[in-house]
Amino acid sequence: MKKLLFICSQNRLRSPTAEAVFAEYEGIETDSAGLDHYAEVPLSTEAIEWADIIFVMEKSHKIKLAQKFQPFLKNKRVICLDIPDEFEYMDAKLIDILKKKVLKIIT
């Protein structure tokens, strides 16, 4: 079972979409969180420790993640998907981009 954690800023559009899309795949568990204080689901150390692979949507998220949670990232694989904040929740184009980028990493 691969455990995938998806992170964006507010956990409202991109990361919840990724969580929902990949939750449908056999052998994969998913979770999502946001780095901002006012995120729907703020990122926790427990989520980081749980994850096998952490996906962030933008380079700025990777930097913020490292600044706030560095001690918990040792031996963690953190991958930036380079997906800008210009999509709605479950946007078909966003789903297509996520599948293209994530599936080649996890399969």
Side-chain angles (χ1 to χ4, degrees):
M1 187 69 72
K2 287 184 185 172
K3 299 175 192 161
L4 311 181
L5 175 62
F6 296 94
I7 299 172
C8 63
S9 297
Q10 299 174 22
N11 190 232
R12 291 195 178 105
L13 305 172
R14 292 172 290 175
S15 58
T17 297
E19 178 183 8
V21 167
F22 295 103
E24 302 294 318
Y25 284 74
E26 182 94 19
I28 294 177
E29 286 184 40
T30 61
D31 197 7
S32 67
L35 284 165
D36 292 348
H37 292 295
Y38 51 87
E40 291 290 321
V41 177
L43 181 59
S44 67
T45 56
E46 293 82 13
I48 292 170
E49 290 170 344
W50 167 86
D52 294 321
I53 305 174
I54 299 169
F55 292 96
V56 296
M57 298 296 159
E58 300 174 30
K59 287 181 181 69
S60 63
H61 298 143
K62 193 169 187 176
I63 293 165
K64 199 170 188 178
L65 176 66
Q67 289 171 340
K68 292 174 82 173
F69 295 95
Q70 188 61 52
F72 304 96
L73 296 173
K74 189 174 179 140
N75 301 320
K76 290 291 178 179
R77 190 170 175 199
V78 180
I79 297 166
C80 180
L81 296 173
D82 287 314
I83 299 175
D85 190 10
E86 59 187 33
F87 301 97
E88 293 300 318
Y89 178 70
M90 297 304 282
D91 181 307
K93 187 173 180 189
L94 173 58
I95 292 169
D96 186 50
I97 292 168
L98 284 165
K99 286 182 179 179
K100 283 179 181 162
K101 292 186 175 209
V102 173
L103 289 176
K104 69 180 178 186
I105 293 165
I106 63 171
T107 55

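One is the number of the first residue; the rest follow in order along the sequence. Every heavy atom of this structure was used, including side-chain atoms; hydrogens, water molecules and symmetry mates were not.
- In Lys99, the NZ atom is not crowded: 12 or fewer heavy atoms of neighbouring residues, nucleotides or ligands sit closer than 6.0 Å.
- With contacts defined as side-chain heavy-atom distances shorter than 4.5 Å, the pair Leu65/Leu43 qualifies.
- Between the CG atom in Leu73 and the NZ atom in Lys68 there is a gap of 12.0 Å [rounded to 0.5 Å].
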* Hey, mind stepping through Asp52 and Lys76 against salt bridge (Lys or Arg N to Asp or Glu O under 4.0 Å) and telling me if it holds? -> CA-CA 7 Å; Asp52 294 321; Lys76 290 291 178 179; 5.7 Å; no
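- Annotation for Gln10 and Asp36: closest pair CG-OD2, 3.8 Å, computed over non-hydrogen atoms.
- Proximity of Tyr89 to Leu94: side-chain heavy atoms (C-beta onward) are nowhere separated by under 4.5 Å.
- Closest approach of Ala33 and Ser15 over heavy atoms only: O-OG, 3.5 Å.
- Here the CE-CZ distance, from Met57 to Phe87, works out to 10.5 Å after rounding to the nearest 0.5 Å.
- Within the 4.5 Å cutoff, the side chain of Thr17 has no heavy atoms near those of the Asp91 side chain.
- Annotation: side chain of Asp31 is in contact with side chain of Trp50 (closest heavy-atom distance under 4.5 Å).
- At least one side-chain heavy atom of Glu88 sits under 4.5 Å from a side-chain heavy atom of Leu13.
- Residues Ser32 and Val41 form no side-chain contact, since every pair of their non-hydrogen atoms from C-beta on lies 4.5 Å or further apart.
- Here the rule is side chain to side chain contact (heavy atoms under 4.5 Å, CB included) with Leu81, and of Val56, Ile7, Leu98 only Leu98 fits it.
- Residues Arg12 and Cys8 come closest through the heavy atom pair N-SG, 4.4 Å.
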* Asked: What do the steps show when you test Ile54 against Ile79 for side-chain contact (heavy atoms from CB on, under 4.5 Å), and what is the final call?
  -> CA-CA 6 Å; Ile54 299 169; Ile79 297 166; over 6 Å; no
* With salt bridge (Lys or Arg N to Asp or Glu O under 4.0 Å) as the test, would you mind laying out the steps for Lys59 and Asp82 before giving the verdict? => CA-CA 7 Å; Lys59 287 181 181 69; Asp82 287 314; 3.0 Å; yes
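- Within 6.0 Å of CD in Glu40 there are more than 12 heavy atoms belonging to other residues, nucleotides or ligands.
- Looking at heavy atoms from C-beta onward, Leu35 lies out of side-chain contact with Ser9 at the 4.5 angstrom threshold.
- Note on Ile105 and Ile95: same hydrophobic cluster, where clusters join Ile, Leu, Val, Met, Phe, Trp and Tyr whose side-chain heavy atoms are under 4.5 Å apart, directly or indirectly.
- One hydrophobic cluster, built from ILVMFWY side chains closer than 4.5 Å, holds both Leu103 and Ile83.
- Put simply, Phe72 and Val78 are part of the same group of oily side chains (I, L, V, M, F, W, Y) that touch within less than 4.5 Å, one to the next.
- Of the inter-residue distances, the one linking Thr107 atom OG1 with Lys2 atom NZ reads 7.0 Å to the nearest 0.5 angstrom.
- With a 4.5 Å cut-off on side-chain heavy atoms, His61 and Cys80 do not count as touching.
- For the residue pair Phe6 and Glu19, the shortest heavy atom distance occurs at CD1-N, 3.9 Å.
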* To do: Just do the salt bridge (Lys or Arg N to Asp or Glu O under 4.0 Å) check on Arg14 and Glu58 with the steps written out, would you?
  => CA-CA 11 Å; Arg14 292 172 290 175; Glu58 300 174 30; 2.6 Å; yes
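- Ile53 and Leu5 sit in two unconnected hydrophobic clusters of ILVMFWY residues. Membership requires side-chain heavy atoms under 4.5 Å apart, directly or through other members.
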